[in-house]
Asks: 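Before we start, here is the structure in question, set down as structure tokens.
Throughout, protein chains are lettered first and strands after them, A, B, ... in sequence-line order, and every chain is numbered starting at 1.
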Amino acid sequence: MGKKRKLSPAVRAWLKRELREQQERYKKIVKEMEALAPQREKWIQEFFQRIQTRGFCVHADIRRRIKPEEIPKRPKRKLRVVY
Amino acid sequence: MARPHIEPFCDRDVPFKKMTLPGFPSGMHYKMLSLDKDTGACTMTVQFDAGYRQPPGFSYSDIELLIMEGGRRVGDEMCGPGTYFFIPAGVALPAVSTEAGCLALLMYNQTEPNFVESDEDCDGADRSQLIQVNAYDDLSWQVPTLMPATAPGCLLKILRWDEVTGAMSFLYCMVPGFWQDNISFHDCAEEAYHIWGTSWIMQFGDLPTGGYFWRPPYINHGPFASDHGILAFGRTDGELYNHFHFNPYTTLKENREWAAEKLKQRKPALFKWIVAHEHNHLTGSELKK
């Protein structure tokens, strides 16, 4: 077991086709996630509100209220969620 | 594992394709969820048609399979929804068949999907690692014992735990009304498939029934919520440690540095030893002995 096997042309062709399709899926996901950016920004602001009032989940049921000065500043760079 | 970040993806959005790889019997259809570009290792949703028959045989890869709908007969045993298999590379299963069809999640861990007809195990196969369990009937939901832990209402059934790497396969559920207000990342890749229900993640939106992700290490995800609850299958390729924080703007590099800093703070002796020069680190194979 574990030895490198020689793949048949049919298997290599299948892999090539599947990888090409995966690349298309990946591009579609990136596009969809970019389109979600304005909504995501609203969700982030709501999250910042909740962790200052209801609290940030530290462990299981333990929560800590985050101070306003601890809230992260939005960097100038674009927020990337898919890598 | 060289799989791209696939998140979110819903298999309900794409049709099944006929499995045409050599060696596989007819009557098997699949939807590719993620594929390793270097090895061909992959995760698929698979539909076995009513009347599907597979002779005894093995694969050159470890296989994981979870039956989601319908059932299949493996040898003399009828296996229904919730049955999970871990079949080590080279371990031969008896003949498999399904009378009414079967929907399953199927994973090849080291190679592209392959099947070799055989009544016997391949040389070197480790049958002691074979797992077959009905996770719905025979395992209980557990409160996660990870530290720090997820919020109350997220429960686990551990299906497999790799004693060398800490990788695990598991079922997990979120109760209706579940929410967890933090952002998480891990040192390992994480994979999940929604068997039923919808959850929400701040970065990616809703993940419905049939929803899937393959998430490489150090990628931010969370907060989470689910209105009506979910049932899902998950896997990691290493020990799952929850790095919790509340900065949605961090990058992979920053998260990796933060994790290293945390290791330094929490396990200073180990960290010092790891970064020290002029010593012989143990390798994985030495640790396994």
Side-chain angles (χ1 to χ4, degrees), chain A residues 1-5 7-15 17-19 21-23 25-26 28-30 32-33 35-36 39-64 66 70-83, chain B residues 3-9 14 17 20-22 32-35 37 40 42 60-61 88-90 110-114 122-126 143-144 147-152 179-183 200 202-205 215-216 218-223 242 244-252:
Chain A
M1 303 309 307
K3 284 178 191 165
K4 186 91 176 165
R5 294 171 301 116
L7 302 180
S8 70
V11 173
R12 286 204 303 272
W14 184 87
L15 283 169
R17 193 167 57 244
E18 288 296 336
L19 285 169
E21 288 180 14
Q22 176 164 267
Q23 189 62 23
R25 277 200 301 281
Y26 177 82
K28 187 168 178 278
I29 289 169
V30 170
E32 286 169 357
M33 290 301 101
L36 195 62
Q39 178 61 57
R40 185 181 300 112
E41 198 49 49
K42 286 180 192 162
W43 287 338
I44 289 172
Q45 296 312 315
E46 288 168 5
F47 169 63
F48 286 158
Q49 281 304 312
R50 288 197 306 273
I51 60 176
Q52 291 178 83
T53 51
R54 195 162 63 173
F56 158 72
C57 292
V58 177
H59 163 70
D61 226 356
I62 300 171
R63 298 200 294 272
R64 176 170 81 81
I66 302 302
E70 290 182 275
I71 295 296
K73 299 274 184 296
R74 199 189 199 298
K76 283 180 183 167
R77 65 174 178 252
K78 194 175 161 186
L79 174 58
R80 186 176 175 188
V81 298
V82 181
Y83 285 86
Chain B
R3 301 193 201 191
H5 184 195
I6 301 288
E7 181 172 23
F9 176 66
V14 297
K17 294 188 285 187
T20 56
L21 279 171
M32 184 59 72
L33 301 177
S34 67
L35 175 68
K37 67 182 175 62
C42 60
Y60 290 109
S61 170
Q110 290 86 22
T111 72
E112 84 294 344
N114 59 79
C122 182
D123 285 346
D126 184 1
V143 174
M147 290 284 281
T150 48
W179 61 272
Q180 180 177 312
D181 265 332
N182 58 28
I183 295 166
W200 170 85
M202 186 173 74
Q203 292 78 2
F204 308 104
R215 183 189 300 135
Y218 302 109
I219 292 175
N220 282 334
H221 52 284
N242 292 317
F244 289 153
H245 65 107
F246 51 89
N247 186 346
Y249 306 122
T250 58
T251 63
L252 286 191

Asks: Mind checking what makes ring pair (Phe, Tyr, Trp, His ring centres under 6.0 Å) contact with His5(B), not counting sequence neighbours?
Replies: Phe204(B)
Asks: Using the six-membered ring of Phe9(B), assess whether NZ or CZ of Arg25(A) lies under 6.0 Å from its centre and within 45 degrees of the ring axis.
Replies: yes
Asks: With a 4.5 angstrom heavy-atom cut-off, could you sort out which part of Lys73(A) is near chain B: side chain, backbone, both or neither?
Replies: backbone
Asks: At a heavy-atom separation under 4.5 Å, does Leu19(A) approach chain B through its side chain, its backbone, both, or neither?
Replies: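 Its backbone and side chain both get close to chain B.
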Asks: Ile62(A) versus chain B, heavy atoms under 4.5 Å apart: side chain, backbone, both or neither?
Replies: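 Answer is neither: Ile62(A) stays 4.5 Å or more from chain B.
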Asks: With only heavy atoms counted, which part of Leu79(A) is less than 4.5 Å from chain B, the side chain, the backbone, both or neither?
Replies: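 Contact with chain B is through the side chain of Leu79(A) alone.
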Asks: So what's closer than 4.5 Å to chain B heavy atoms on Phe47(A): side chain, backbone, both or neither?
Replies: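 Only the side chain of Phe47(A) comes within 4.5 Å of chain B.
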Asks: Tell me which of these, Thr150(B), Asp123(B), Leu252(B), has more heavy-atom pairs under 4.5 Å with chain A than the rest.
Replies: Leu252(B)
Asks: With a 4.5 angstrom heavy-atom cut-off, could you sort out which part of Glu46(A) is near chain B: side chain, backbone, both or neither?
Replies: neither
Asks: Side chains of His245(B) and Asn220(B): do they bring a donor and an acceptor to under 3.5 Å?
Replies: yes
Asks: Under a 4.5 Å heavy-atom cut-off, does chain B meet the side chain of Trp14(A), its backbone, both or neither?
Replies: side chain
Asks: Is NZ or CZ of Arg54(A) both nearer than 6.0 Å to the six-membered ring centre of Trp179(B) and within 45° of the ring axis?
Replies: yes
Asks: With sequence neighbours excluded, what pairs up with Pro9(A) under the side chain to side chain contact (heavy atoms under 4.5 Å, CB included) test?
Replies: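 If we apply the side chain to side chain contact (heavy atoms under 4.5 Å, CB included) test to Pro9(A), skipping adjacent residues, the hits are Arg12(A).
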